[in-house]
Amino acid sequence: MDLTAFFMTVTMYPALIALTVGGILFFPFGFLIWKVSTGWDGARIMRHFIWLYGKAWISLMSPFVRFTREASKATHLDEPCIIVVNHLSFFDTYCMGLLPFSNVAFAVRSWPFKMFWYAPFMRLAGYLDLETIGWEGTLRMSRAILEKGGKILFFPEGHRSRDGRMQRFYSGPFKLAVETNTPILPVCLAGTDVLLPPDRWWLKPATVRLKILPIVSPKDFTGETAHVELRKTVKERMMEQIDLMRKGIGTA
C-alpha cells in the first residue's frame with residue numbers, strides 16, 4: 001500500500017460511516033418532505049434516497065476516484081426496463097448513483113439483507129431478496145414494480161469477479177424480460193476492481209467508468225430458448241464494451 005492509498009483508506013472509510021449515519025438520521029425528516037412535495041409512494045421515495053446516497057458517496061470519493069458516464073443516444077432511459085450490470089466490487093452498488101434515474105429496485109441475494117443498518121431501507125425500497133422469495137415471488141414483485149414505471153437491477157453474474165473477467169450469467173433477469181416483455185438495459189462498469197476488488201480491504205485511487213448500452217428487446221427472441229439467446233446476446237455486447245473500456249476506448 002503506497003502513501004496515497006493509505007491516506008485514502010484512513011479517511012474514506014470513516015467518511016463513509018459518517019455519511020451513512022447522517023443519512024439514517026436525516027431520512028425520517030426527508031421522507032416526510034419528499035412525501036408531501038412529490039406524492040410518491042414509500043418505495044419510490046426510498047429508491048430516490050438510495051440514489052442520492054450513491055451520488056453523495058461519489059462526491060465523497062471524487063478526490064481519489066475519477067468517475068465517468070456515457071450513455072448511448074439510442075437508449076430510452078425513461079422507460080421501465082431490466083438493468084443488468086457486471087459485478088467487480090462491493091462498491092458497484094454505490095456507483096449506481098451515476099445512473100441518470102433513481103426509480104430502481106435492486107434484485108440481490110440474501111446476504112445484503114443481513115446488514116442491519118441497510119436492511120430496513122432495502123425492504124422499504126422494495127428490493128428483491130431473490131433467495132428468499134424464489135422465482136414466483138420475483139415475478140410477482142417485478143411485475144408490480146414495472147407496472148408502476150420502475151426499473152429492476154440485476155447483477156447477473158451473482159458474485160463479484162475475482163480476476164476482472166466476466167463470469168457466467170444466470171438466466172433469471174432474461175427469463176423475467178421474456179415473461180414480462182420488458183427490455184434489457186445493459187450497463188458496463190470498469191475500474192471498481194482497482195478501487196476495491198474482492199479479498200482486499202484497503203482502497204486505491206482509480207478511474208471508474210460506467211457505460212449504458214442500447215436496450216435489447218426480448219421481442220427479437222422467440223421460442224423455448226428465447227431467454228438463453230437473449231442472455232448470450234447481452235453478455236457478448238457487454239464483454240465487447242468492457243474490453244474497450246479497459247483499454248480506454250470509446251469512453252467519456
Side-chain angles (χ1 to χ4, degrees), residues 12-62 65 67 69 71 75-85 90-130 132-133 137-138 140-155 173 176 180 182-183 185 187 189 192 208 210 212 215:
M12 288 298 99
Y13 277 130
L16 176 59
I17 292 171
L19 174 65
T20 303
V21 173
I24 291 172
L25 294 176
F26 171 76
F27 175 73
F29 306 100
F31 184 90
L32 292 176
I33 294 170
W34 258 250
K35 185 66 176 177
V36 172
S37 61
T38 66
W40 293 345
D41 61 30
R44 185 172 180 184
I45 293 173
M46 188 68 254
R47 293 169 199 155
H48 188 73
F49 268 82
I50 292 172
W51 179 71
L52 292 175
Y53 176 72
K55 283 189 165 299
W57 174 84
I58 289 167
S59 296
L60 191 69
M61 299 291 286
S62 60
V65 182
F67 294 94
R69 183 190 75 199
T75 297
H76 303 287
L77 299 178
D78 57 341
E79 298 178 359
C81 61
I82 297 169
I83 306 165
V84 293
V85 191
F90 171 79
F91 283 132
D92 290 346
T93 55
Y94 292 73
C95 290
M96 294 306 101
L98 289 168
L99 293 173
F101 40 73
S102 64
N103 192 11
V104 179
F106 285 57
V108 296
R109 301 179 68 195
S110 292
W111 75 263
F113 286 88
K114 297 177 183 178
M115 296 188 289
F116 67 89
W117 57 96
Y118 284 144
F121 302 102
M122 294 170 66
R123 297 191 187 284
L124 180 57
Y127 281 17
L128 284 68
D129 180 351
L130 298 176
T132 300
I133 64 176
T138 299
R140 182 181 65 256
M141 290 183 66
S142 297
R143 287 188 189 278
I145 292 167
L146 294 168
E147 287 172 0
K148 291 183 178 181
K151 298 173 173 61
I152 304 168
L153 186 148
F154 287 82
F155 292 102
L176 182 64
T180 62
T182 303
L185 181 66
V187 174
L189 269 178
T192 53
V208 173
L210 182 143
I212 303 173
I215 62 172

Item to complete: Give the minimum heavy-atom separation between Ile152 and Ala107, together with the two atoms involved.
Response: CG2-CB, 4.2 Å
Discussion item. Counting C-beta onward and ignoring hydrogens, is there a side-chain heavy-atom pair between Phe155 and Arg109 closer than 4.5 Å?
Written reply: no
Fill in: Side chain to side chain, Met115 and Pro112, heavy atoms closer than 4.5 Å
yes
Item to complete: Go through the steps to decide whether Trp57 and Leu19 satisfy the test side-chain contact (heavy atoms from CB on, under 4.5 Å), and finish with yes or no.
Response: CA-CA 8 Å; Trp57 174 84; Leu19 174 65; 4.3 Å; yes
Practice prompt. Take Val85 and Met96 through the side-chain contact (heavy atoms from CB on, under 4.5 Å) test and state the conclusion after the steps.
Written response: CA-CA 10 Å; Val85 191; Met96 294 306 101; 4.1 Å; yes
Worksheet item: Are any non-hydrogen side-chain atoms of Asn103 and Trp40 less than 4.5 angstrom apart?
Response: no
Worksheet item: Say you draw a straight line from CG of Leu16 to CG of Leu60; how long is it, rounded to the nearest 0.5 Å?
Response: 7.0 Å
Discussion item. Minimum heavy-atom separation for Pro100 and Ile212, please, with both atom names.
Written reply: CD-CD1, 3.7 Å
Worksheet item: Given Phe67 and Met61, is the side-chain contact (heavy atoms from CB on, under 4.5 Å) satisfied, shown in steps?
Response: CA-CA 9 Å; Phe67 294 94; Met61 299 291 286; 4.0 Å; yes
Item to complete: Among Leu124, Ile145, Val104, Leu52, find the one that has a side-chain contact (heavy atoms from CB on, under 4.5 Å) with Arg47.
Response: Ile145
Worksheet item: Do you know the tightest heavy-atom contact between Ala125 and Ile50?
Response: CB-CD1, 3.9 Å
Worksheet item: Can you name the closest pair of heavy atoms from Trp51 and Gly97 and give their distance?
Response: NE1-O, 3.6 Å
Fill in: Trp117 side-chain N/O to Ile24 backbone N/O, donor-acceptor pair under 3.5 Å
no
Worksheet item: How are the rings of Tyr118 and Tyr94 set to each other: parallel, tilted or perpendicular (split at 30° and 60°)?
Response: perpendicular
Fill in: Side-chain touch Asp41/Lys148, heavy atoms, less than 4.5 angstrom
yes
Worksheet entry | Donor-acceptor under 3.5 Å (Lys151 side chain, Glu79 main chain) | yes
Discussion item. Just checking Lys35: does its NZ atom have more than 12 heavy atoms from other residues, nucleotides or ligands closer to it than 6.0 angstrom?
Written reply: yes
Worksheet item: Taking the side chain as C-beta and beyond, is there a heavy-atom pair between Phe91 and Val208 under 4.5 Å?
Response: no
Discussion item. If I compare all heavy atoms of Thr182 with all of Cys81, which pair ends up nearest, and what's the gap?
Written reply: CG2-CA, 3.5 Å
Discussion item. I want to check something: taking the side chain as every heavy atom from C-beta on, are Ser142 and Thr180 in contact at a cut-off of under 4.5 Å?
Written reply: no
Worksheet item: So which heavy atom on Gly126 is nearest to which on Leu128, and how close?
Response: O-CD1, 3.4 Å
Discussion item. Does Phe113 form a side-chain contact (heavy atoms from CB on, under 4.5 Å) with Val108? I'd like the steps, not just the answer.
Written reply: CA-CA 9 Å; Phe113 286 88; Val108 296; 3.6 Å; yes
Discussion item. Can you confirm whether or not the ring centre of Phe121 sits under 6.0 Å from the ring centre of Phe49?
Written reply: no
